[in-house]
Visitor: 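Here's a structure for you.
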Amino acid sequence: MSQRPGIPKGTRDFAPVEVAKRTYIINTIKKHFENFGFQPIETPSFENSETLMGKYGEEGDRLIFKILNSGDYLRKVDDKIYEDRQSAALTKYISEKALRYDLTVPFARYVVMHQNEIDFPFKRYQVQPVWRADRPQKGRFREFYQCDADVVGSNSLLQEVEFIQLYDAVFSSLKLEGTTIKMNNRKILSGIAEVIGAKDKLIDFTVALDKLDKIGAEGVQKEMLAKGITEEAIAKVAPLFNFNGTNEERLQQLETLLKDSEEGLKGIEELSFILKTIAALGLKTATLELDVTLARGLNYYTGAIFEVAAPAQVKMGSIGGGGRYDDLTGVFGLKNISGVGISFGLDRIYLVLEELGVFPESLEKTIDVLFINFGEEEALQSLKAVKTLREGGVKAELYPDNAKMKKQMNYANRRNVPYIIMIGGQELSDTTFVLKNMENGEQKTYPMTELSAVFK
RNA sequence: GUGGUUGUAGCUCAGCUGGUUAGAGCGCUAGAUUGUGGUUCUAGAGGUCGCCGGUUCGAAACCGGUCUUCCACCCCA
């Protein structure tokens, strides 16, 4: 009996064209990472559970793929725990390893483990798959690639400035124009929570605020009330619900709101510096926008928070995100090391480029030239030519069988081969070859000696 | 994790309130065309109707479960 083939939900196979397009994106990103001075590292696809658990909040723990222990793992489980059937409690007895959930936490672990070999500030990049036990949707998978660049060991806000330039450089290079880099600062969010007297409800407050563009001002107020934030407090933040104008104007409004919060004012100062510096340097195709409702990754971000939105005409969640985390390595025992980094969502960028039709056409081409097979002797002559071309860097191949011409031509067509070369009985005796342009159908006979020159 | 949605040929989809042998277009294979592809014509191959169970004389269709797809929450790249 043969079994029905299938792959787990949220995972994909990639065809040759898709791999070509993904490689194109990855190479573009890597090129810019290196251009900005980042160095690559890689970490294992799975980590000890304790390295990952508790780093992404309760929700995160649920989405981490756990790996079942090897061997007779149930034997070691306490009878009481086993009989209670509490999955969460049982997990730590039967699973000690888990698949990587993102690249930031493993990086923090790496920094702590290798602190004595690292020269700070350390700029690293990492392009590897991560796994989340999420329910798939458009642009959301259970296995996907993240492309991260982070700097640890520098408190300078110039790092934030560099990351904004990096986003701009990569997206411009990918012809993905019109992206919006949204920026906020954890200190501003804390400051707002402080001045409205809801400091203890920071997370609830920001999570609700983050939904402004989705559920509107009324929805946000409703959710805040439900989370126990008072009406007076909500009235104080009301100006944020109609927050517009230039970045400068927004900063001024914030300054008024946060005049009594030392932390909030610090956040404004940071944002102000970054905005001013970027304004002086200029961006190619991206727009930098101050967005006080942006509140992602609060479990570890302490300063700047970034998120990149695709051009408005594409309906897609964020295609990148990042921020500053002052104490990520703290949980692994290394204090006072500040980090800041950004991430590119490869799979989503792919979908956006596809939708906008901005992948280079050349990615569709598989080989430069196909030789038609006319029989044993002709094939040998063709193979000699193939060898010469390959040595010159031309992607060439000979059709393996002496099949009908139509079949061989069809094959060339389907593979988008731009040229074919025919060496049949006539050409064999003349030591010539026929070059045919598959696009316009033109063909011409050349002496064999001109083979390499033709492809220059 | 919650609620909903989807599944019929390789692909896109028809298939009536349950009723003979489940169809179309595209694609594929072969021929027309033994050294010339994309066009045209002709013929052909290809289906556990997602899977399991139930209702029924009879199920692709109705019901339950399950898997998958997509969507809204949650969260997030």
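Throughout, protein chains are lettered first and strands after them, A, B, ... in sequence-line order, and every chain is numbered starting at 1. Side chains included, hydrogens not; waters and symmetry mates left out as well; all remaining heavy atoms used. Computed from a prediction, not measured in an experiment: that's the story for all the values here.
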Visitor: Please classify the nucleic acid contact of A/Ser318 as base, sugar-phosphate, or nothing, using heavy-atom distances under 4.0 Å.
Guide: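 Answer is sugar-phosphate: A/Ser318 comes under 4.0 Å of backbone atoms only.
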Visitor: Once ring-ring contact (aromatic ring centres under 6.0 Å, His included) is applied, do any residues pair with A/Tyr325, and if so which ones, sequence neighbours excluded?
Guide: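 Per chain and number, A/Tyr325 pairs via ring-ring contact (aromatic ring centres under 6.0 Å, His included) with no residue.
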Visitor: Just to be sure I understand the rule, does A/Gly441 reach a base, reach only the sugar-phosphate, or reach nothing, if contact means heavy atoms closer than 4.0 Å?
Guide: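 If one applies the 4.0 Å heavy-atom cut-off, A/Gly441 turns out to touch a base.
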Visitor: Less than 4.0 Å between a side-chain N and a carboxylate O, is that true for A/Arg12 and A/Asp347?
Guide: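 Salt bridge between A/Asp347 and A/Arg12, a charged N being under 4.0 Å from a carboxylate O: yes.
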Visitor: With A/Phe38, which residues qualify under ring-ring contact (aromatic ring centres under 6.0 Å, His included), at least two apart?
Guide: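 A/Phe38 satisfies ring-ring contact (aromatic ring centres under 6.0 Å, His included) with A/Phe163 only.
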Visitor: Are A/Phe46 and A/Phe65 near enough that their ring centres are under 6.0 Å apart?
Guide: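 So the answer is no for these two rings.
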Visitor: With 3.5 Å as the limit, what N/O pairs link the protein to nucleotides 39-41 of chain B?
Guide:
none

Visitor: Less than 4.0 angstrom from a charged side-chain N to a carboxylate O is my criterion; do A/Glu47 and A/Lys55 meet it?
Guide: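 Result for this pair is no, no salt bridge flagged.
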Visitor: How does protein contact run along nucleotides 3-10 of chain B, one letter per nucleotide 5' to 3', with B for base contact, S for sugar-phosphate only, - for none, heavy atoms under 4.0 Å?
Guide: B-------
Visitor: Do A/Phe344 and A/Phe33 have ring centroids that are under 6.0 Å from one another?
Guide: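 Yes, the ring centres sit under 6.0 Å apart.
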Visitor: Output a table of nitrogen or oxygen pairs between the protein and nucleotides 65-68 of chain B separated by less than 3.5 Å.
Guide:
| unit_1 | atom_1 | unit_2 | atom_2 | d |
| --- | --- | --- | --- | --- |
| B/U68 | OP2 | A/Lys9 | NZ | 3.2 |

Visitor: Are the ring of A/Phe344 and the six-membered base ring of B/A77 within the stacking cut-offs of under 5.5 Å and under 30°?
Guide: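 Not stacked: fails the 5.5 Å / 30° test.
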Visitor: Which donor-acceptor pairs under 3.5 Å do the side chains of residues 441-456 of chain A make with protein atoms, sequence neighbours left out?
Guide:
none

Visitor: If you look only at distance, which donor and acceptor atoms sit under 3.5 Å apart when one is on a side chain in residues 217-227 of chain A and the other is two or more places apart or in another chain?
Guide:
| unit_1 | atom_1 | unit_2 | atom_2 | d |
| --- | --- | --- | --- | --- |
| A/Glu223 | OE1 | A/Lys211 | NZ | 3.1 |
| A/Glu223 | OE2 | A/Lys211 | NZ | 3.0 |

Visitor: Counting Watson-Crick and G-U wobble pairs with both distances under 3.5 Å, what is the dot-bracket string for RNA chain B, 5' to 3', using [ ] for crossing pairs and | for pairs to another strand?
Guide: ((((..(..((((.....[...)))).(((((.......))))).....(((((..]....))))))..))))....
Visitor: Assess whether a salt bridge exists between A/Arg142 and A/Asp134, defined as any Lys/Arg side-chain N lying under 4.0 Å from an Asp/Glu carboxylate O.
Guide: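 A/Asp134 and A/Arg142: not salt-bridged.
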Visitor: Can you tell me how far P in B/C57 sits from the matching atom in B/G15, rounded to whole Å?
Guide: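 Straight-line distance between the two P atoms is 28 Å.
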Visitor: Between side-chain atoms of residues 171-180 of chain A and protein atoms elsewhere (two or more places apart, or another chain), which donor-acceptor pairs fall under 3.5 Å?
Guide:
| unit_1 | atom_1 | unit_2 | atom_2 | d |
| --- | --- | --- | --- | --- |
| A/Ser172 | OG | A/Asp168 | O | 2.6 |
| A/Ser172 | OG | A/Thr285 | OG1 | 2.7 |
| A/Ser173 | OG | A/His32 | NE2 | 3.1 |

Visitor: Looking at B/U36, does its base get a donor-acceptor pair with the side chain of A/Gln443 below 3.5 Å?
Guide: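 Present.
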Visitor: Name the nucleic acid region contacted by A/Asn413, choosing base, sugar-phosphate or nothing; use a 4.0 angstrom heavy-atom cut-off, strictly under.
Guide: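 Base, at least one base atom sits under 4.0 Å.
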Visitor: Would you mind classifying the nucleic acid contact of A/Glu307 as base, sugar-phosphate or nothing, using non-hydrogen atoms under 4.0 angstrom?
Guide: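 Result for A/Glu307 = nothing.
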Visitor: With a 4.0 Å cut-off on heavy atoms, is A/Glu378 in touch with a base, just the backbone sugar-phosphate, or nothing at all?
Guide: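 Since no nucleic acid heavy atom lies under 4.0 Å of A/Glu378, the category is nothing.
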Visitor: Who pairs with A/Phe141 by ring-ring contact (aromatic ring centres under 6.0 Å, His included), at least two apart in sequence or on another chain?
Guide: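 Expected list: none.
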Visitor: For A/Tyr145, check ring-ring contact (aromatic ring centres under 6.0 Å, His included) against everything at least two apart and list the hits.
Guide: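 Scan of A/Tyr145 (ring-ring contact (aromatic ring centres under 6.0 Å, His included), adjacent residues dropped) gives none.
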Visitor: Enumerate, atom names and distances included, each donor-acceptor pair closer than 3.5 Å involving a side-chain atom of residues 373-381 of chain A, sequence neighbours excluded.
Guide:
| unit_1 | atom_1 | unit_2 | atom_2 | d |
| --- | --- | --- | --- | --- |
| A/Asn373 | OD1 | A/Gly375 | N | 3.0 |
| A/Asn373 | ND2 | A/Tyr399 | O | 2.9 |
| A/Asn373 | ND2 | A/Pro400 | O | 3.3 |

